[in-house]
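Note that this is a predicted model, so its numbers are computed, not measured. This chain uses plain numbering: 1 for the first residue, then up along the sequence.
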Amino acid sequence: MPEIKFLDLTADNAFDFCSVLDAVGMNDVVGAIKKEEIIALQKEGKDTKSIGLVLAMKMLAIVVHKLSSAREPIYSFLSGCAVWANTNKAVTVDELRKLKLSAFLKLMADFFKKDDLSDFFKDVAELMNMGQNDLKNS
């Protein structure tokens with residue numbers, strides 16, 4: 001099967017990606033992280049890696065629970081930023097549906113390795129921090 005490659009993410013892709021985050025329950029994930037729980041784990045002597053694992057498992061459980069309802073937003077998002085490497089033709093939702101599971105999982109792994117995805121999260125974090133600093137200065 002020909003390879004799929006990702007295009008550089010655009011502003012329009014960001015809106016589609018937010019749809020995916022909403023569908024997988026990102027608000028629930030963020031809400032599940034309780035400061036008090038982290039403090040309690042630290043008091044128990046858990047190291048950062050152990051605390052991260054506990055939080056990651058909690059987040060994964062929420063995402064997996066909602067994954068089936070995120071199917072269409074995920075397909076739509078991926079088809080909006082992926083092309084067939086041999087033709088540069090857009091990958092359709094129907095083509096994504098027909099991928100073997102191993103090919104789909106590789107595609108997802110490749111997506112999460114994209115530099116512009118990590119840049120997106122870094123920029124969002126910086127914007128959120130800027131807002132907090134603005135509130136403190138007000």
Side-chain angles (χ1 to χ4, degrees):
M1 172 170 270
E3 290 287 316
I4 294 174
K5 69 177 184 177
F6 287 103
L7 303 170
D8 289 338
L9 296 176
T10 65
D12 202 39
N13 297 131
F15 291 100
D16 294 336
F17 189 61
C18 288
S19 246
V20 171
L21 294 176
D22 185 46
V24 297
M26 192 51 63
N27 285 335
D28 296 335
V29 168
V30 171
I33 301 171
K34 305 285 185 219
K35 182 179 177 182
E36 298 80 21
E37 181 181 7
I38 295 170
I39 292 170
L41 289 168
Q42 288 171 330
K43 286 181 180 177
E44 290 175 18
K46 303 286 185 193
D47 62 2
T48 305
K49 186 175 180 178
S50 297
I51 294 170
L53 184 59
V54 168
L55 296 176
M57 294 306 292
K58 190 179 235 185
M59 290 185 267
L60 183 61
I62 293 168
V63 170
V64 168
H65 177 71
K66 296 199 174 212
L67 198 55
S68 63
S69 64
R71 178 184 308 193
E72 295 309 315
I74 290 170
Y75 283 147
S76 179
F77 170 73
L78 290 174
S79 71
C81 61
V83 295
W84 293 104
N86 60 343
T87 63
N88 274 341
K89 181 182 171 198
V91 178
T92 68
V93 168
D94 285 337
E95 290 168 328
L96 288 170
R97 288 179 198 281
K98 294 175 186 173
L99 287 176
K100 288 185 177 184
L101 181 58
S102 60
F104 186 76
L105 292 174
K106 181 187 179 310
L107 181 70
M108 296 298 293
D110 289 347
F111 172 73
F112 284 106
K113 292 177 189 172
K114 287 182 59 52
D115 288 338
D116 49 353
L117 182 64
S118 60
D119 290 344
F120 168 77
F121 282 115
K122 187 181 95 186
D123 291 343
V124 168
E126 286 177 9
L127 282 172
M128 291 173 70
N129 189 35
M130 183 186 316
Q132 289 177 359
N133 287 339
D134 289 347
L135 286 174
K136 289 178 187 174
N137 294 333
S138 295

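- The side chain to side chain donor-acceptor pair (under 3.5 Å) test with Lys5 singles out one residue from Asp110, Asn86, Asn88, and that residue is Asn88.
- Within 6.0 Å of atom CZ in Arg71, 12 or fewer heavy atoms from other residues, nucleotides or ligands are found, so the atom counts as exposed in its surroundings.
- Annotation for Pro73 and Ala70: closest pair CD-O, 3.1 Å, computed over non-hydrogen atoms.
- Two different hydrophobic clusters hold Tyr75 and Phe15 under the rule that ILVMFWY side chains link at heavy-atom gaps under 4.5 Å.
- Checked by atom type, the side-chain pair Thr10/Asn13 shows a donor-acceptor distance below 3.5 Å.
- A donor-acceptor pair shorter than 3.5 Å can be found between the side chains of Ser50 and Asp47.
- When side chains are defined from C-beta on, Glu95 does not count as touching Ile4, because their heavy atoms never get closer than 4.5 Å.
- Residues Leu7 and Lys114 approach most closely at O-NZ, 3.2 Å, considering heavy atoms.
- In the hydrophobic cluster analysis, where Ile, Leu, Val, Met, Phe, Trp and Tyr join through side-chain heavy atoms closer than 4.5 angstrom, Ile62 is grouped together with Val54.
- Scanning both residues, Ala23 and Ser69, for their nearest heavy atoms gives O-OG, 3.6 Å.
- Between the side chain of Lys49 and the backbone N or O of Lys46, no donor-acceptor pair lies under 3.5 Å.
- Residues Asp16 and Val20 form no side-chain contact, since every pair of their non-hydrogen atoms from C-beta on lies 4.5 Å or further apart.
- The aromatic rings of Phe77 and Phe111 sit perpendicular to each other, their planes meeting at more than 60°, with 30° as the lower class boundary.
- Both Phe112 and Val63 are part of a single hydrophobic cluster, where members link through side-chain heavy atoms under 4.5 Å apart.
- Residues Leu96 and Leu107 form a side-chain contact, since some pair of their non-hydrogen atoms from C-beta on lies under 4.5 Å apart.
- Nearest approach of Val91 to Val83, heavy atoms of both residues: CG2-C, 3.6 Å.
- When every heavy atom of Trp84 is checked against every heavy atom of Ala90, the shortest pair comes out as CD1-O, 4.0 Å.
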Stepwise side chain to side chain contact (heavy atoms under 4.5 Å, CB included) check, Lys66 with Asp28 = CA-CA 10 Å; Lys66 296 199 174 212; Asp28 296 335; 2.8 Å; yes
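- Between Ser79 and Thr92 the shortest heavy-atom distance is CB-C, 4.1 Å.
- Side-chain contact between Phe6 and Leu78 is present, with heavy atoms from C-beta onward closer than 4.5 Å.
- The line from NZ of Lys58 to NZ of Lys34 is 7.5 Å long, rounded to the nearest 0.5 Å.
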